[in-house]
Amino acid sequence: MQRAPNLLNTADHSRDIAGLTYVYPVVSRRAGGVSVGINLNPNNACNWRCIYCQVPDLKRGAAPPVDLEKLERELRGFLRELTQGDFMLQQVPPEARTIQDIALSGNGEPTSTKEFEQVIELIGRVKKDFPLPAHLKLVLITNGSLISRPHVQAGLRHMARMNGEVWFKLDSATGEGRLRINNSRMSLKQVHAHIRLSASLCSTWLQTCVFNLNGQPMSSEEIRAYLDFLKDLLQAGVPLKGVLVYGIARASQQPEAKLLSRVDRVWFDQFCGKIRKLGLEVKPNY
Ligand code: SF4
């Protein structure tokens with residue numbers, strides 16, 4: 001396989017760094033080690049368009065058909081390189097020389113692929129052939145909009161048997177907010193139902209991106225709606241693992257990029273504190 005030209009760091013998530021179509025290495029600030037990324041959207045297509053999205057030339061649409069043989073070849077090749085080759089030594093700083101997870105996180109919504117269930121099965125099969133850490137997780141980073149599809153649910157059931165985790169995007173609990181941030185028209189009722197479904201099938205964390213828009217953080221009404229929504233989920237007995245709250249670390253590739261900036265650290269910590277007060281675990285990533 002082609003070698004990465006530079007030492008990877010947390011700001012370098014280039015999908016083609018290893019010269020592969022589906023598999024890419026990331027030293028992840030979220031995961032705290034090397035994450036084996038799987039990008040099922042090499043066409044840069046997503047059914048949403050988040051204003052902070054870092055995918056260049058993002059298009060609205062779905063993932064193209066997955067070449068499962070190629071994906072298996074790439075995954076085997078890369079896991080071999082990580083476990084038997086000198087990739088770690090050559091490309092990864094000493095403090096991050098551990099394989100943290102395999103993450104379905106690409107240039108679009110991964111569950112939009114028709115082969116989603118087969119992809120999960122494939123990962124499970126390939127994983128068994130390598131001496132990987134017992135705690136290795138399989139993470140699905142998703143906007144959660146397609147979880148009502150039976151083959152996505154089947155994939156989540158399979159993930160649950162593989163130390164799987166779903167990171168389910170929730171940036172706003174108002175229709176206006178989701179339209180503004182995600183360009184999504186999903187109703188709150190649907191979002192609630194999809195989170196509930198996800199959490200019933202596989203361990204589920206919510207992931208919330210916070211930022212200033214035109215210099216202003218989330219309004220107090222937005223914060224109230226967001227916290228009320230979390231309360232509703234808890235009261236309904238939805239077994240959430242917690243909330244991953246993260247700031248914008250890398251530049252958006254969307255036309256709104258200039259309107260976005262990082263929230264103030266104090267604001268960020270207070271926001272996380274409000275979620276913790278509900279009794280939920282928060283993993284902050286400023
Ligand atoms: S859901 Fe993810 S890939 Fe899709 S537009 Fe939003 S940030 Fe980008």
Side-chain angles (χ1 to χ4, degrees), residues 10-11 13-16 21-24 26 28-31 35 37-64 66 101-114 116 119 139-149 152 155-156 165-188 190-191 194-195 197-198 204-213 218 222 226 243-263 285:
T10 54
H13 288 229
S14 176
R15 306 255 179 255
D16 57 4
T21 302
Y22 296 114
V23 178
Y24 64 96
V26 176
S28 172
R29 67 183 192 120
R30 285 188 199 162
S35 178
I38 297 186
N39 175 23
L40 300 178
N41 304 68
N43 60 348
N44 297 4
C46 187
N47 60 338
W48 285 13
R49 190 188 74 77
C50 304
I51 57 177
Y52 54 76
C53 184
Q54 297 139 1
V55 175
D57 304 318
L58 180 73
K59 297 185 273 291
R60 292 298 276 249
V66 180
D101 59 34
I102 298 176
L104 288 151
S105 154
N107 289 357
E109 173 50 40
T111 61
S112 67
T113 176
K114 291 198 174 69
F116 182 74
V119 168
V139 178
L140 168 67
I141 302 182
T142 177
N143 62 31
S145 58
L146 306 173
I147 275 174
S148 51
R149 294 183 177 175
V152 179
L156 292 193
E165 256 181 26
V166 178
W167 294 4
F168 192 116
K169 190 181 288 297
L170 176 72
D171 294 329
S172 169
T174 71
E176 196 205 342
R178 286 191 301 283
L179 195 56
R180 189 174 55 237
I181 299 169
N182 310 116
N183 284 283
S184 158
R185 293 189 183 277
M186 243 177 115
S187 72
L188 198 58
Q190 274 177 308
V191 177
H194 283 205
I195 293 172
L197 187 53
S198 174
T204 298
W205 289 80
L206 299 180
Q207 46 152 346
T208 299
C209 180
V210 290
F211 51 87
N212 288 336
L213 181 58
M218 204 188 261
E222 276 284 339
Y226 178 87
V243 186
L244 307 153
V245 181
Y246 60 101
I248 44 172
R250 290 171 290 138
S252 163
Q253 297 294 321
Q254 305 310 308
E256 294 86 351
K258 285 200 187 104
L259 311 177
L260 308 179
S261 57
R262 286 182 108 179
V263 292
N285 205 327

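In listed order, ligands and their atoms are each counted from 1.
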**Study point:** Short side-chain to backbone donor-acceptor contact, Glu165 and Ile141, under 3.5 Å
**Key:**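 Checked: no pair found.
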**Study point:** Which of the ligand 1 atoms, numbered from 1, are nearer than 4.0 Å to a heavy atom of Trp48
**Key:**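 Contacts of ligand 1 toward Trp48, numbered from 1: 5 (S).
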**Study point:** Atoms of ligand 1, numbered as shown, that sit under 4.0 Å from any heavy atom of Asn143
**Key:**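 Per the distance check, 1 (S).
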Review point. Judged by non-hydrogen atoms, does Glu109 sit under 4.0 Å from ligand 1?
Key: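 The answer is no: ligand 1 sits nowhere under 4.0 Å from a heavy atom of Glu109.
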**Study point:** Separation of Lys59 NZ from Asn44 CG (nearest 0.5 Å)
**Key:**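 Reported value, rounded in 0.5 Å steps: 5.5 Å.
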Point to revise | Side-chain donor-acceptor contact under 3.5 Å, Asn143 with Asn47 | key: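 Asn47 and Asn143 do have a side-chain donor-acceptor pair below 3.5 Å.
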Review point. Is Cys46 touching ligand 1 with its side chain, its backbone, both, or neither, if touching means heavy atoms under 4.0 Å apart?
Key: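 Near ligand 1, Cys46 shows its side chain, while the N, CA, C and O stay back.
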Check your understanding: Using heavy atoms and a threshold below 4.0 Å, how should the contact between Gln54 and ligand 1 be classified: side chain, backbone, both, or neither?
Key ->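 None of Gln54 does.
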Check your understanding: Do Val66 and Phe116 have side chains that get closer than 4.5 Å, going by heavy atoms?
Key ->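 They are not in side-chain contact.
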Review point. Within a strict 4.5 Å, meaning less than it, do heavy atoms of the Glu109 and Thr142 side chains meet?
Key: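 The answer is yes; the side chains approach within 4.5 Å.
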Starting from [atom], which protein heavy atom do you reach first, and at what distance in Å?
| atom | answer |
| --- | --- |
| atom 6 (Fe) of ligand 1 | Cys50 SG, 2.3 Å |
| atom 2 (Fe) of ligand 1 | Lys169 CE, 4.0 Å |
| atom 8 (Fe) of ligand 1 | Cys53 SG, 2.3 Å |

Exercise for review: Identify whether the distance between the nearest side-chain nitrogen and carboxylate oxygen of Arg49 and Glu256 falls below 4.0 Å.
Suggested key: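 Salt bridge present between Arg49 and Glu256.
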